[in-house]
Amino acid sequence: MIVVISQIFGGAGIAAGVTVGDRLVYEKKSLPTGMSPNDVAKKLGLSVQSVYKYIQDGSIKAEAVPYGDERITYVISETAYHEAEKSLKPSETQRPKKYEYYDSKNDIVLYQRFHSTKIPEARVIRKEEKVFGFYLPNIQKWLTYEEGIKNYALKPSYSIHQPTLDYKGYVELQVPKKEVVFYPFLDYLYKTWVW
């Protein structure tokens, strides 16, 4: 099938006699090249929805490309990907080290809930470099780990060791500490996930 398509290309100098196949090749070559949001999500270890959110807020630079009748898709250039990788993918040095939130000597984890007959709720905190102890939210007092165990008979409210999950990885969550849901949310994670 031969069509006159100079008007389709806005008189861009495409001669009469160009086939539909030639037009499609021309259109494809004129589109930007790069990675799809799905490719970027896989490489960065993010969900595809997160990549679209980052495209919308400008954290990932992408070109909108018409796709179908009224839809668009995005193409992320190699340069834009590397910029996003630097800012969005945490490096090993950015991730917290295990010793910062887990005390292997006492088998306790940061903000883990403890209780006793004397103390309804105590939370594990790290007061200084590698010094874990208990914070008593009801009376706003700090105790050393030894003091909490010996003098107040504090015991963990739940085990932090659960069966291993089939998938590996990490997730970064930002829950403001002053929010009402902070401690219940962490308790849920500690009861459900493995340490």
Side-chain angles (χ1 to χ4, degrees), residues 37 40-61 76 80-195:
V40 171
K42 286 177 185 172
K43 289 179 104 173
L44 292 179
L46 300 170
S47 69
V48 178
Q49 292 85 358
S50 293
V51 171
Y52 278 107
K53 182 186 86 140
Y54 289 132
I55 289 170
Q56 295 302 320
D57 74 15
S59 299
I60 296 177
K61 293 179 180 82
I76 297 102
Y81 167 75
H82 289 299
E83 287 174 12
E85 183 180 37
K86 286 178 192 170
S87 64
L88 298 175
K89 189 174 186 179
S91 70
E92 288 295 323
T93 58
Q94 289 175 312
R95 290 191 215 160
K97 306 290 185 248
K98 193 168 186 175
Y99 72 83
E100 294 175 329
Y101 60 85
Y102 177 69
D103 178 8
S104 59
K105 177 182 157 197
N106 297 307
D107 194 32
I108 57 176
V109 68
L110 196 60
Y111 304 120
Q112 181 181 355
R113 185 178 194 276
F114 276 66
H115 70 282
S116 72
T117 54
K118 298 176 186 177
I119 306 289
E121 179 181 18
R123 295 289 176 168
V124 173
I125 62 165
R126 202 177 94 195
K127 190 172 184 183
E128 299 165 11
E129 192 67 30
K130 297 185 183 180
V131 177
F132 285 88
F134 293 105
Y135 174 68
L136 311 176
N138 294 345
I139 57 174
Q140 298 183 351
K141 182 178 178 181
W142 187 83
L143 306 172
T144 65
Y145 178 79
E146 292 75 20
E147 186 181 7
I149 298 299
K150 290 178 184 168
N151 298 348
Y152 295 95
L154 288 171
K155 302 227 180 289
S157 298
Y158 45 80
S159 171
I160 57 171
H161 300 287
Q162 308 302 330
T164 305
L165 300 173
D166 293 337
Y167 43 88
K168 303 281 183 209
Y170 70 93
V171 65
E172 183 178 320
L173 302 170
Q174 294 181 355
V175 180
K177 189 176 174 191
K178 294 183 181 186
E179 289 293 324
V180 159
V181 298
F182 180 73
Y183 288 134
F185 182 67
L186 282 180
D187 291 338
Y188 171 77
L189 293 179
Y190 288 153
K191 290 179 203 176
T192 309
W193 288 0
V194 119
W195 286 103

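Basis for what follows: all heavy atoms, side chains included, without hydrogens, waters or symmetry-related copies. The model shown is predicted, which means the values in this text are computed figures rather than measured ones. Numbers here simply count residues along the sequence, with the first being 1.
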Closest heavy-atom pair and its distance - [X], [Y]:
| X | Y | answer |
| --- | --- | --- |
| Ser59 | Ala84 | O-CB, 4.4 Å |
| Ile125 | Leu110 | CA-CD1, 3.8 Å |
| Leu44 | Glu85 | CD2-CA, 3.7 Å |
| Leu136 | Ala122 | CD2-CB, 3.5 Å |
| Asp187 | Arg113 | OD1-CB, 3.8 Å |
| Tyr158 | Arg123 | OH-NH1, 4.3 Å |

To the nearest 0.5 angstrom, please state how far the [atom1] atom of [X] sits from the [atom2] atom of [Y].
| X | Y | atom1 | atom2 | value |
| --- | --- | --- | --- | --- |
| Lys191 | Ser159 | NZ | OG | 11.5 Å |
| Gln112 | Tyr101 | CD | OH | 13.5 Å |
| Arg126 | Ile108 | CZ | CD1 | 11.5 Å |
| Ile60 | Tyr52 | CD1 | OH | 11.0 Å |
| Phe134 | Ile119 | CZ | CD1 | 10.5 Å |
| Trp142 | Glu147 | CH2 | CD | 8.5 Å |

Find out whether [X] and [Y] are in side-chain contact, i.e. whether some heavy atom of one side chain is under 4.5 Å from a heavy atom of the other.
| X | Y | value |
| --- | --- | --- |
| Asn106 | Ile149 | no |
| His115 | Pro120 | no |
| Val124 | Tyr135 | no |

Exercise. Heavy-atom count around Tyr188 OH within 6.0 Å, excluding the residue itself: above 12?
Worked result: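 No, not enclosed.
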Exercise. Taking atom CD of Glu146 as the centre, does the number of heavy atoms from other residues, nucleotides or ligands within less than 6.0 Å exceed 12?
Worked result: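 For Glu146, atom CD is crowded (more than 12 foreign heavy atoms under 6.0 Å).
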Problem set entry | Cation-pi check, Lys155 onto Phe114 ring (under 6.0 Å, within 45° of axis) |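 No, a cation-pi geometry is absent between Lys155 and Phe114.
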For this session: Evaluate ring-ring contact (aromatic ring centres under 6.0 Å, His included) for Tyr111 paired with Phe182, printing each intermediate quantity in order.
Result: CA-CA 10 Å; Tyr111 304 120; Phe182 180 73; 5.2 Å; yes
For this session: Indicate yes or no for a side-chain donor-acceptor contact from Ser47 to the backbone of Ser50 under 3.5 Å, with no hydrogens or angles considered.
Result: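 Yes, because the side chain of Ser47 sits within donor-acceptor range (under 3.5 Å) of the backbone of Ser50.
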For this session: Walk me through it: do Ile55 and Val40 pass the test side-chain contact (heavy atoms from CB on, under 4.5 Å)?
Result: CA-CA 11 Å; Ile55 289 170; Val40 171; over 6 Å; no
For this session: In sequence, state the C-alpha distance, the side-chain angles, and the governing distance for Lys98 and Glu100, and then conclude on salt bridge (charged side-chain N to carboxylate O under 4.0 Å, His left out).
Result: CA-CA 5 Å; Lys98 193 168 186 175; Glu100 294 175 329; over 6 Å; no
For this session: Please test Tyr183 against Val181 for side-chain contact (heavy atoms from CB on, under 4.5 Å), starting from the C-alpha separation and ending with a verdict.
Result: CA-CA 6 Å; Tyr183 288 134; Val181 298; over 6 Å; no
